Amino acid sequence: MASASGATKIMKGRKNLPGNRSDPGWEHGIDVDSTNRRVQCKYCGVIQSGGVYILKHHLAGTSSNVEACPNVPEEVKQKFIDLLRTHTEESQKKKRSRHGIDDDNDDDEVEQVKKRKGKNTMDCFVTKTKTKNQTTINQIFKKQER
């Protein structure tokens with residue numbers, strides 16, 4: 001019994017599981033073969049493999065490893081362009097937050113460091129010390145000779 005409720009929770013969490021088609025891309029495509037993730041475009045009839053993700057790029061006309069749909073209405077095309085853009089921005093924000101990068105202050109801090117150092121290379125992010133703390137092999141042998 002516990003496993004059945006767990007499966008229901010997983011199904012609600014993932015948008016593209018068979019039987020759970022809440023993704024807006026499914027309004028414009030037909031699932032041909034769910035095991036191979038093949039989807040047919042309702043506008044031009046082209047069958048794409050790669051699931052609803054590839055269908056969205058097909059409808060948006062991004063030319064991202066897929067041919068653009070010639071028959072898609074302009075408002076649908078714009079809808080998917082906006083959808084993909086917001087998805088990309090959200091994904092980038094998640095990656096930045098995972099790495100501890102703050103979007104608001106990051107650009108300002110980098111500019112301040114560049115101005116302070118006056119360089120446009122990675123050297124502006126590294127602090128240089130004037131004293132050498134690491135002993136070399138030659139220094140060790142010289143100490144033994146003394």
Side-chain angles (χ1 to χ4, degrees), residues 1-140:
M1 240 336 152
S3 63
S5 64
T8 305
K9 288 180 183 178
I10 293 170
M11 201 162 149
K12 287 182 181 177
R14 291 182 51 201
K15 289 182 181 178
N16 297 325
L17 278 175
N20 187 19
R21 304 293 188 187
S22 61
D23 194 294
W26 290 113
E27 297 171 7
H28 307 278
I30 302 166
D31 189 13
V32 175
D33 185 10
S34 61
T35 57
N36 291 333
R37 298 177 6 146
R38 293 170 52 101
V39 181
Q40 182 178 13
C41 176
K42 287 185 177 180
Y43 299 106
C44 65
V46 170
I47 298 174
Q48 303 280 342
S49 59
V52 74
Y53 174 79
I54 296 296
L55 178 68
K56 289 180 201 176
H57 283 278
H58 171 71
L59 294 172
T62 60
S63 301
S64 175
N65 297 325
V66 67
E67 183 181 332
C69 182
N71 302 333
V72 66
E74 192 61 37
E75 63 271 1
V76 174
K77 181 177 182 177
Q78 191 60 45
K79 173 186 172 183
F80 282 101
I81 288 172
D82 295 339
L83 185 76
L84 290 171
R85 183 178 298 129
T86 56
H87 177 69
T88 304
E89 289 170 358
E90 289 172 3
S91 177
Q92 289 174 350
K93 284 180 184 178
K94 284 181 185 178
K95 286 179 185 176
R96 287 183 187 130
S97 67
R98 274 190 228 137
H99 296 294
I101 300 171
D102 186 14
D103 289 339
D104 299 334
N105 297 328
D106 189 44
D107 294 335
D108 296 334
E109 290 174 8
V110 170
E111 289 302 318
Q112 288 175 358
V113 169
K114 283 182 181 179
K115 286 178 184 177
R116 192 170 47 224
K117 296 289 182 174
K119 295 182 181 177
N120 225 5
T121 63
M122 287 301 292
D123 293 339
C124 66
F125 296 101
V126 179
T127 57
K128 296 179 183 179
T129 59
K130 293 184 181 185
T131 59
K132 295 182 180 178
N133 297 331
Q134 187 174 5
T135 57
T136 63
I137 294 175
N138 288 336
Q139 291 172 341
I140 293 171

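The shown structure was predicted, so the numbers you read here are calculated from the model rather than taken from an experiment.
- Inter-residue side-chain proximity for His28 and Cys69 is flagged as unmet; no heavy-atom pair is nearer than 4.5 Å.
- The minimum heavy-atom distance between Gly61 and Ala68, with the atom names listed, is CA-CB, 3.6 Å.
- A distance of 10.0 Å separates OG1 in Thr86 from NZ in Lys93, rounded to the nearest 0.5 Å.
- Atom CG of Asn71 has more than 12 neighbouring heavy atoms from other residues, nucleotides or ligands inside a 6.0 Å radius.
- Atom CD of Glu67 is separated from atom NE2 of His57 by 15.5 Å, given to the nearest 0.5 angstrom.
- The shortest non-hydrogen separation linking Val52 to Gly25 is CG2-CA, 3.6 Å.
- Under a 3.5 Å cut-off, the side chain of Arg37 and the backbone N or O of Ser49 do not form any donor-acceptor pair.
- Of all non-hydrogen atoms in Cys44 and His58, the two that sit nearest each other are SG-NE2, 3.3 Å.
- At a threshold of 4.5 Å between non-hydrogen side-chain atoms, the residues Leu59 and Cys41 count as touching.
- For Pro24 against Phe80, the heavy-atom pair with the smallest separation is O-CZ, 3.8 Å.
- Looking at heavy atoms from C-beta onward, Leu55 lies out of side-chain contact with Gln48 at the 4.5 angstrom threshold.
- At a threshold of 4.5 Å between non-hydrogen side-chain atoms, the residues Tyr43 and Val76 count as touching.
- The shortest side-chain heavy-atom distance between Tyr53 and Asp23 does not fall under the 4.5 Å cut-off.
- With rounding to the nearest 0.5 angstrom, the CG atom of Asp33 is 7.5 Å from the CG atom of Asp31.
- Residues Leu84 and Lys56 have side chains in contact (heavy-atom distance under 4.5 Å, counting atoms from C-beta outward).
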